[in-house]
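See structure below.
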Amino acid sequence: MNNTLISLDGLKKIFYTDEVETHALSNINMSIQKGDYVSISGPSGCGKSTLLSLLGLLDTPTEGNYILAGEDVSNISKNERARIRNQEIGFIFQSFNLISDLDVEENVELPLTYRNGLSGDQRKKMVREALEKVDMAHRTKHFPSQLSGGQQQRVAVARAIAGSPSIILADEPTGNLDTKNADAVMELLDQLHEQGSTICIVTHDPRSASRAMHNIELLDGAIIADKPLSVVREEPVMETAL
Ligand SMILES: Nc1ncnc2c1ncn2[C@@H]1O[C@H](COP(=O)(O)OP(=O)(O)OP(=O)(O)O)[C@@H](O)[C@H]1O
Ligand SMILES: [Mg+2]
């Protein structure tokens, strides 16, 4: 059985602004397996968010191939991208990105309303289950401004997982949280991974990266290290923990 969920081959991203060309990603070759827990790290400006946007079909590569769940999605139309993104991708952002006019339940339901063939009852059930998973089922009628940062991020996680995506992409999901809330969100991602979710997280934090089983390091738009499970586990992880 082919267990590969994502495969990037010679991926390149150049941004053109006025007279300037920014080579954000130069020649990215990597794959993500189903059930993988990947961390992407590297200094500011090295291309982490750009890579995550490409993985999440928010943007298109300048060159190269992207195969997602067996389908070539490198050059598909904007509408197709939106449809596949809605179905396959769950996004979690550093700044939560909840909609302030919608309550918790409505925020989590929103992406599901763009899906065909789901009844209102089915949507409500998916929303309830997702909110239970993140322990926020007691706050369905609250608005984002009435929640703590940690709670808002848990709602954002519920929104990301409600539609059972193939992969959860998280860009610095704990960047705006204090240590306690950050740990709670990381615990939650661990649990989702244990329950079978595939996760890819961008992080500056070595503690967060050490939770992943597959560490990818970027520098100046290129992968300088790609360590899957066995290599990662062989490293003296305890040394940094002590
Ligand atoms: N929309 C854009 N237009 C032009 N240049 C961009 C755009 N997005 C990113 N860049 C450039 O691409 C490079 C990589 O940016 P990116 O946001 O991916 O970095 P990053 O690794 O996520 O950094 P940080 O850790 O600070 O979030 C940077 O030089 C940035 O200025
Ligand atoms: Mg970034």
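Start at 1 and go down the list; that is how both ligands and their atoms are numbered.
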Q: Can you see which heavy atom on A137 is nearest to which on E132, and at what distance?
A: CB-CG, 3.8 Å
Q | atom 4 (C) of ligand 1: nearest protein contact (heavy atom, Å) | A | F15 CB, 3.3 Å
Q: Flag atom 30 (C) of ligand 1 as yes if some protein heavy-atom distance to it falls below 4.0 Å, otherwise no.
A: no
Q: Look up atom 23 (O) of ligand 1 and tell me if a protein heavy atom lies less than 4.0 Å from it?
A: yes
Q.
Would H204 count as a contact residue for ligand 1, given that I'm defining contact as a non-hydrogen atom of the residue lying under 4.0 Å from a ligand atom?
A. yes
Q | Candidate list D190, T203, D205, test side-chain hydrogen bond (donor to acceptor under 3.5 Å, both in side chains), partner R211, passing option | A | D190
(Q) If I apply the N/O under 3.5 Å rule, does S44 come out as touching ligand 1? (A) yes
Q: Over all heavy atoms of both residues, which pair between I40 and C200 is shortest? Give the atoms and the distance, please.
A: CD1-SG, 3.6 Å
Q: Given salt bridge (Lys or Arg N to Asp or Glu O under 4.0 Å), test D183 with R207 step by step and report yes or no.
A: CA-CA 10 Å; D183 284 350; R207 283 197 324 140; 3.0 Å; yes
Q: Could you pull out the closest heavy-atom pair between S74 and G64, with the gap in Å?
A: CB-O, 3.7 Å
Q: Mind listing the closest non-hydrogen atom pair of S49 and D171 along with its distance?
A: OG-OD2, 2.7 Å
**Q.** Pick from S49, G45, G221: the one approaching atom 17 (O) of ligand 1 most closely through a non-hydrogen atom
**A.** S49
**Q.** Contact summary for P43 and L219, nearest pair of heavy atoms
**A.** CG-CD1, 3.7 Å
Q) Can you list the protein N, O or S atoms less than 2.8 Å from the Mg ion (ligand 2)? A) S49 OG
Q) Which bit of T50 is near ligand 1, meaning a heavy atom under 4.0 Å away: side chain, backbone, both or neither? A) both
Q: For atom 11 (C) of ligand 1, grab the closest protein heavy atom and report residue, atom and distance to one decimal in Å.
A: T22 CG2, 3.8 Å
(Q) Tell me whether F91 shares a hydrophobic cluster with V185, the cluster being built from Ile, Leu, Val, Met, Phe, Trp, Tyr side chains joined at under 4.5 Å. (A) no
Q: Tell me which protein heavy atom sits closest to atom 12 (O) of ligand 1, plus the residue, atom name and distance to 0.1 Å.
A: A24 CB, 3.5 Å
Q. To which of E172, K48, K13 does the heavy atom nearest atom 21 (O) of ligand 1 belong?
A. K48
Q: Please lay out, stage by stage, how K125 and E129 fare under the test salt bridge (Lys or Arg N to Asp or Glu O under 4.0 Å).
A: CA-CA 6 Å; K125 183 166 179 277; E129 284 171 359; 3.3 Å; yes
Q: Run the numbers on E109 and K124 for salt bridge (Lys or Arg N to Asp or Glu O under 4.0 Å), then give the verdict.
A: CA-CA 7 Å; E109 186 177 5; K124 291 276 179 282; 3.0 Å; yes
Q: Would you mind checking if K13 and E63 are paired as a salt bridge, meaning a charged N to carboxylate O distance below 4.0 Å?
A: no
